[in-house]
Amino acid sequence: MLDLVLGQAVRASRGRRATYAPAPSVLVPEAQAGDPLALARAFRERLGCDEWYVADLDALAGGAPQRALVRALVGLGGRLLLDSGAATPVRAREGVSDGAARVVVGLETLPSFDALGQIARAIRGAQVVFGLDLRDGTPVVLSGAPHHGTPLELVRRAIAAGASAVLALDLARIGTGLGVDLALVDAIRRAHPGVELLAGGGIGSMRDLERLSDAGCDGALVATALHDGRLGGGDVEAARRRGSPRRGGHPSDSR
């Protein structure tokens with residue numbers, strides 16, 4: 001998981017983006033703290049992870065997307081799950097043309113579910129992941145957007161609009177080690193057994209990954225616990241081998 005600001009990788013905490021700053025990681029030398037390419041290489045070479053969630057915080061805040069950096073990350077051989085504020089088919093196509101394997105269409109920047117449907121039709125539906133953005137369990141909806149509802153209602157509408165996967169991410173839990181809301185993950189899984197389900201925010205231990213797997217989650221976003229060494233390559237491999245009881249997949253690929 002890489003959060004990008006002005007070309008640097010920053011450490012996230014509770015979704016308060018104004019406080020994000022480059023921070024040391026056990027994965028790279030101190031001189032490379034904040035270097036997204038160095039971190040991506042470490043994810044691949046030291047952890048065995050070749051699928052990375054990349055959040056372009058500049059683009060999410062309304063700025064220009066960091067397309068050259070995205071292309072450079074793709075050039076390292078990773079499969080990118082790109083969250084860059086895609087709210088139109090044009091922005092989504094840009095992400096795909098830059099090499100992203102999939103594009104996140106996040107609730108916090110989504111103007112309407114009609115827009116999500118347009119994106120799903122503009123690029124292959126399998127490349128569209130609906131980002132269920134939450135803060136302390138409450139959906140984070142773009143100001144002025146016409147849609148409201150519970151997390152489950154919003155997920156249902158996103159799938160109906162053409163999203164092939166769901167990413168549940170509680171911004172207030174990021175960097176806390178408090179773990180993911182397992183009740184919500186379980187509820188989404190029960191309501192949509194055939195949809196790929198990813199989750200993140202607060203994962204701090206191997207036990208957290210095991211609980212997510214047991215809840216039927218197909219993938220986990222992990223950052224802080226990898227950077228401070230609480231989770232390492234052995235944990236990633238063990239979680240991958242454990243797989244999801246639903247699919248036998250790899251719910252803990254640390255994206």
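Atom set for the values below is all heavy atoms of this structure, side chains included, hydrogens, waters and symmetry mates excluded. Computed from a predicted model, the values in this text were never measured in an experiment.
Considering only residues two or more places apart in sequence or on other chains, E45 meets the salt bridge (charged side-chain N to carboxylate O under 4.0 Å, His left out) condition with none of them. Remark: D186 engages R190 in a salt bridge (charged side-chain N to carboxylate O under 4.0 Å, His left out) (not counting sequence neighbours). Residues forming a side chain to side chain contact (heavy atoms under 4.5 Å, CB included) with E237 (at least two apart in sequence, or on another chain): R240, R241. Judged as a salt bridge (charged side-chain N to carboxylate O under 4.0 Å, His left out), and not counting sequence neighbours, R41 has no contacts. With sequence neighbours left out, the side chain to side chain donor-acceptor pair (under 3.5 Å) criterion links R230 to D228. In this structure R44 satisfies the salt bridge (charged side-chain N to carboxylate O under 4.0 Å, His left out) test with no other residue, sequence neighbours excluded. The side chain to side chain contact (heavy atoms under 4.5 Å, CB included) test applied to A42 returns L27, V28, R46, not counting sequence neighbours. Judged as a side chain to side chain contact (heavy atoms under 4.5 Å, CB included), and not counting sequence neighbours, the contacts of R71 are R67, A68, D98.
A donor-acceptor pair is defined here as one N or O able to donate and one able to accept, closer than 3.5 Å; no such pair exists between the side chain of D218 and the backbone of L198. Of the possible donor and acceptor atoms, one in the side chain of D56 sits under 3.5 Å from a partner among the backbone N and O of Q66.
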Show me, pair by pair, the donor-acceptor contacts under 3.5 angstrom made by side chains of residues 114-125, not counting sequence neighbours?
none

Extract all donor-acceptor atom pairs below 3.5 Å that involve side chains of residues 85-94 and protein atoms in other chains or at least two apart in sequence.
from : atom 1 : to  : atom 2 : distance (Å)
T88  : OG1    : R91 : N      : 3.2
R91  : NH1    : S84 : O      : 2.8

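A salt bridge links E51 and R102; the closest N-O separation between the charged side-chain nitrogens and carboxylate oxygens is under 4.0 Å. Looking at R156 and E153, no side-chain N of the basic residue comes within less than 4.0 Å of a carboxylate O on the acidic one, giving no salt bridge.
The ring pair (Phe, Tyr, Trp, His ring centres under 6.0 Å) contacts involving residues 67-99 comprise nothing, where partners must be two or more places apart or lie in separate chains. Screening residues 109-135 for ring pair (Phe, Tyr, Trp, His ring centres under 6.0 Å), with sequence neighbours left out, gives F113-H147.
Between H192 and V166, the closest side-chain pair of non-hydrogen atoms is not below 4.5 Å. F43 is not listed as a side-chain neighbour of L76, based on a closest heavy-atom distance of 4.5 Å or more.
No single ILVMFWY cluster, assembled from side-chain heavy atoms under 4.5 Å apart, contains both L171 and L142.
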